[in-house]
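The structure under discussion appears below in the form of structure tokens.
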Number of protein chains: 4
Amino acid sequence: MATTAPGRKRSETARLAILDAARELVAADGYENLTIEGIASRAGVGKVTIYRWWPSKGLVLAEALLDRAPVINTRPPAVTGRIADDLRNWLHDWVRVLASPEGSSQIRALTSAASDDQAVAVRLYEAFTAPLHTMIVQRLGHAAQIGEIRSDADLESAADAVVGSLLYRMLTRTEEVTTQRADGLLDLLLHGLTPHSRRSEDPQETADR
Amino acid sequence: MATTAPGRKRSETARLAILDAARELVAADGYENLTIEGIASRAGVGKVTIYRWWPSKGLVLAEALLDRAPVINTRPPAVTGRIADDLRNWLHDWVRVLASPEGSSQIRALTSAASDDQAVAVRLYEAFTAPLHTMIVQRLGHAAQIGEIRSDADLESAADAVVGSLLYRMLTRTEEVTTQRADGLLDLLLHGLTPHSRRSEDPQETADR
Amino acid sequence: MATTAPGRKRSETARLAILDAARELVAADGYENLTIEGIASRAGVGKVTIYRWWPSKGLVLAEALLDRAPVINTRPPAVTGRIADDLRNWLHDWVRVLASPEGSSQIRALTSAASDDQAVAVRLYEAFTAPLHTMIVQRLGHAAQIGEIRSDADLESAADAVVGSLLYRMLTRTEEVTTQRADGLLDLLLHGLTPHSRRSEDPQETADR
Amino acid sequence: MATTAPGRKRSETARLAILDAARELVAADGYENLTIEGIASRAGVGKVTIYRWWPSKGLVLAEALLDRAPVINTRPPAVTGRIADDLRNWLHDWVRVLASPEGSSQIRALTSAASDDQAVAVRLYEAFTAPLHTMIVQRLGHAAQIGEIRSDADLESAADAVVGSLLYRMLTRTEEVTTQRADGLLDLLLHGLTPHSRRSEDPQETADR
DNA sequence: GACTAACCGAGACGGTACGTCTTGTCTTGGG
DNA sequence: CCCAAGACAAGACGTACCGTCTCGGTTAGTC
């Protein structure tokens with residue numbers, strides 16, 4: 001039993017050539033000008049080999065960029081000291097990525113791909129947005145545990161604000177993503193997250209809720 | 001001088017038929033399946049009439065949706081009472097739009113169009129993102145003036161957070177755009193925006209900046 | 001009434017370029033290596049322009065060769081003297097065509113095309129085989145009328161024999177299509193077609209029919 | 001010495017499965033739709049097994065049809081009595097084959113195959129056309145020996161006429177092959193082949209040659 | 001009232017890319 | 001060394017749109 005599948009094995013060479021070609025072409029021409037024929041031709045591969053293993057152009061790109069792009073830094077924020085310092089450092093790293101040609105073009109390409117292919121959207125969320133979101137929530141959760149920030153705040157919304165303001169700005173690509181903006185946002189959020197014991201006499205935003 | 005140009009006038013009938021066709025087709029099939037031929041055919045119009053008046057497919061859609069879509073509500077928040085109430089009401093209206101099939105599909109289509117056409121990106125920013133952003137900044141500015149919130153905060157970043165977190169979430173997870181989420185964000189931001197006189201003993205987020 | 005069809009007219013330039021390209025390519029590579037892409041490319045034409053006007057590759061070729069190939073000589077036999085001389089001259093012309101590289105390759109290509117496309121078979125019959133057949137029948141009919149050959153013979157069968165033996169031989173053994181062969185056939189047929197008055201005492205081939 | 005070759009022996013099962021599959025598929029879909037992949041798949045055989053033993057698709061078909069098709073009757077005409085009767089009976093058998101769906105489709109397929117593969121053309125000639133031709137020449141030769149027909153006629157041309165008129169008509173497949181036509185041809189040829197002693201006063205077809 | 005300029009619909013044009021099919025070769029594991 | 005399975009590079013298939021270019025025909029002014 002458990003007889004191995006017959007036939008020739010999938011070529012790892014071809015697989016890597018395809019992913020490399022996709023990454024290079026999207027960097028050069030953008031997602032809108034990426035074609036299966038172009039990828040196949042640059043990779044020295046038959047089109048069928050792409051169609052055999054990937055259901056859509058977008059998912060080729062997703063695999064090419066999400067699994068293998070060092071520029072998309074997804075390390076979590078450090079836990080070296082105060083929450084403000086750790087998040088600021090981490091955000092500055094991200095701003096650097098988003099402001100760089102490679103980083104912005106890669107994320108923009110993935111977003112374009114996601115917007116016309118639901119499967120890419122799912123992959124992008126699972127491999128990029130969700131981890132990013134979770135890292136922030138976890139770092140804030142740690143701060144909450146040690147009393148650095150208040151423990152009853154909606155950390156999910158805080159992470160939304162961080163992720164959304166950076167990425168939506170980059171996607172609409174009409175204004176630069178800057179460290180100043182990131183610092184302003186962080187300042188604001190940490191004000192809102194400071195332990196509320198000191199602020200209980202302020203009723204206006206929570207009274208009627 | 002200033003002689004009026006000779007020749008037949010642009011057909012308003014054709015213009016409206018094109019915009020209607022674009023809106024209907026994008027609603028039915030999505031931006032990725034929108035074609036100039038499809039629009040021309042449905043509008044009963046020659047392709048040249050589209051190419052004559054619009055430089056790209058995306059800008060046809062931008063005109064069809066941005067200028068004529070009642071569902072994309074762009075009224076500013078009211079100034080009827082406390083900032084928390086006014087913003088909450090306004091945000092709830094927006095959540096309704098973003099969670100609706102029409103609203104989300106229209107904004108998603110515009111974002112797709114923007115992501116492969118810089119001109120659409122500019123139009124989308126000018127006609128949608130920027131006004132939205134400005135409304136929030138202005139309402140917060142008013143609150144700051146009357147001392148309802150602290151006056152030294154970065155209101156631009158606050159507006160970024162509101163716009164970005166709602167829209168980025170809608171783009172990636174429409175089903176999770178909820179009023180609870182919006183309330184959580186608002187709660188957090190208003191905490192961060194309360195007058196800081198009471199919080200000056202807390203150095204950590206501003207000390208080294 | 002009788003409003004003319006709207007839209008751009010068919011391009012005669014494109015039509016001729018396609019037919020020329022088809023003729024050149026089939027001469028160079030044979031019917032089996034003829035492709036629509038190849039024709040389009042050599043003619044400097046879009047594939048759709050071919051698909052728009054011809055239902056199949058074979059019919060492009062049929063039009064290219066049947067309507068425009070001077071090498072396929074379809075003039076009828078002259079009526080200058082004795083039937084034997086006129087048919088012999090005419091057959092020698094045909095042998096020249098069938099033994100030439102152009103003539104044989106063109107007819108061979110058409111026959112290949114006919115064998116995988118019924119519509120080509122019909123065209124080939126109507127434009128080539130049938131006229132050929134008719135010419136022979138008519139020349140023999142004239143001879144029968146003036147008493148040069150017997151009047152009760154099956155001229156259709158005679159024409160079949162002429163056309164079939166030349167063409168079938170060319171299809172299978174081009175190198176053996178010779179004037180000697182044609183002369184042998186003609187000799188035989190004219191023996192069979194001489195007035196039968198002199199032969200009535202020979203019963204064997206007609207007795208039991 | 002004479003050591004037997006090492007390794008596994010050729011599978012007769014596979015060979016027969018391939019030939020059967022080829023025959024069935026060509027009967028069902030015609031030569032133009034016959035593919036190596038289709039044969040391999042129906043025969044339950046790897047494509048390589050076909051490529052290993054046959055140099056081309058056409059030769060698979062040639063082997064499948066020429067060596068194993070009972071419908072292609074290649075028995076020589078009997079020598080039971082008068083040449084007219086023997087040839088007429090034999091021709092009627094052939095007309096039956098050519099008018100039948102199996103016979104005509106098989107010969108048509110072989111001719112198609114021959115027209116894009118010179119090796120098939122050679123095989124078809126050797127195994128089909130040449131034997132047919134030879135049989136006719138031999139039967140006529142026997143009749144000439146016993147004085148039934150004239151001995152100085154070009155029997156090769158007579159055989160050409162018989163083979164060519166039947167097969168060319170079938171190949172262009174626009175008109176039926178009928179026994180009447182065959183009888184007409186035979187009648188004509190035997191007239192032309194009757195001993196010329198009775199006709200020596202007729203100079204016109206041989207005088208000037 | 002004709003002229004002229006710009007509009008309009010229809011639709012053919014040269015192209016690019018699509019996703020599929022088949023070709024002939026190569027690779028794998030088993031007989 | 002054979003075999004079935006099946007991956008591979010190549011390249012043609014027929015289709016969909018692209019953006020451009022006629023083609024008649026329709027509105028407007030301006031002479």
Legend entry - Among C/R23, C/R15, C/K57, salt bridge (charged side-chain N to carboxylate O under 4.0 Å, His left out) partner for C/E63: C/R15
Inset, instruction - Please report, rounded to the nearest Å, how far the P atom of F/dA10 is from the CD atom of C/E37. - result: 16 Å
Legend entry - Given DNA chain E, 5'-ward residue of the pair A/P6 and A/I36, judged by closest heavy atom: A/I36
Inset, instruction - For F/dC3, take OP1 and OP2 only and decide whether either is under 4.0 Å from a side-chain N or O of D/K9. - result: no
Legend entry - Phosphate OP1/OP2 of E/dC7: any B/T49 side-chain N/O under 4.0 Å: no
Inset, instruction - Answer with base, sugar-phosphate or nothing: what part of the nucleic acid does D/R10 contact at a heavy-atom distance below 4.0 Å? - result: sugar-phosphate
Legend entry - pair C/L19-C/W54: side-chain heavy atoms closer than 4.5 Å: yes
Inset, instruction - Please report, rounded to the nearest Å, how far the C1' atom of F/dC18 is from the CG atom of B/L34. - result: 13 Å
Inset, instruction - Assign each of A/V48 and C/W53 to its nearest nucleotide of DNA chain E by heavy atoms, then name whichever residue's nucleotide is nearer the 5' end. - result: C/W53
Inset, instruction - Could you tell me whether a side-chain N or O of D/S105 sits under 3.5 Å from a main-chain N or O of D/P101, the two making a donor and an acceptor? - result: yes
Inset, instruction - Tell me which nucleotide among F/dA7, E/dT23, F/dC18 gets nearest to the side chain of B/T35. - result: F/dC18
Inset, instruction - Assess whether one donor atom and one acceptor atom, taken from the side chain of B/K47 and the base of F/dG19, lie less than 3.5 Å apart. - result: yes
Legend entry - Any C/R123 side-chain heavy atom under 4.5 Å of C/D67 side chain: yes
Inset, instruction - Report the nucleotide, chosen from E/dC7, F/dG14, F/dC8, that has the shortest atom-to-atom distance to any side-chain atom of C/Y51. - result: F/dG14
Legend entry - Integer-rounded Å distance: F/dA12 C1' and C/I39 CD1: 12 Å
Inset, instruction - Give a yes/no on whether any side-chain N or O of C/W54 is located under 4.0 angstrom from OP1 or OP2 of F/dG14. - result: no
Inset, instruction - Rounded off to whole Å, could you give me the CD1-to-P distance for the A/I18 and F/dA9 pair? - result: 7 Å
Legend entry - Phosphate OP1/OP2 of E/dT27 contacted by A/R8 side-chain N/O (<4.0 Å): no
Inset, instruction - Give D/G44 one of three labels, base, sugar-phosphate or nothing, depending on what nucleic acid heavy atoms sit under 4.0 Å from its own. - result: sugar-phosphate
Inset, instruction - Please work out if B/V45 contacts a base, only the sugar-phosphate, or nothing of the nucleic acid, heavy-atom cut-off 4.0 Å. - result: sugar-phosphate
Inset, instruction - Measure from the side chain of A/R52, starting at C-beta and using heavy atoms only, and say which of F/dC8, E/dT27, E/dA12 lies closest. - result: F/dC8
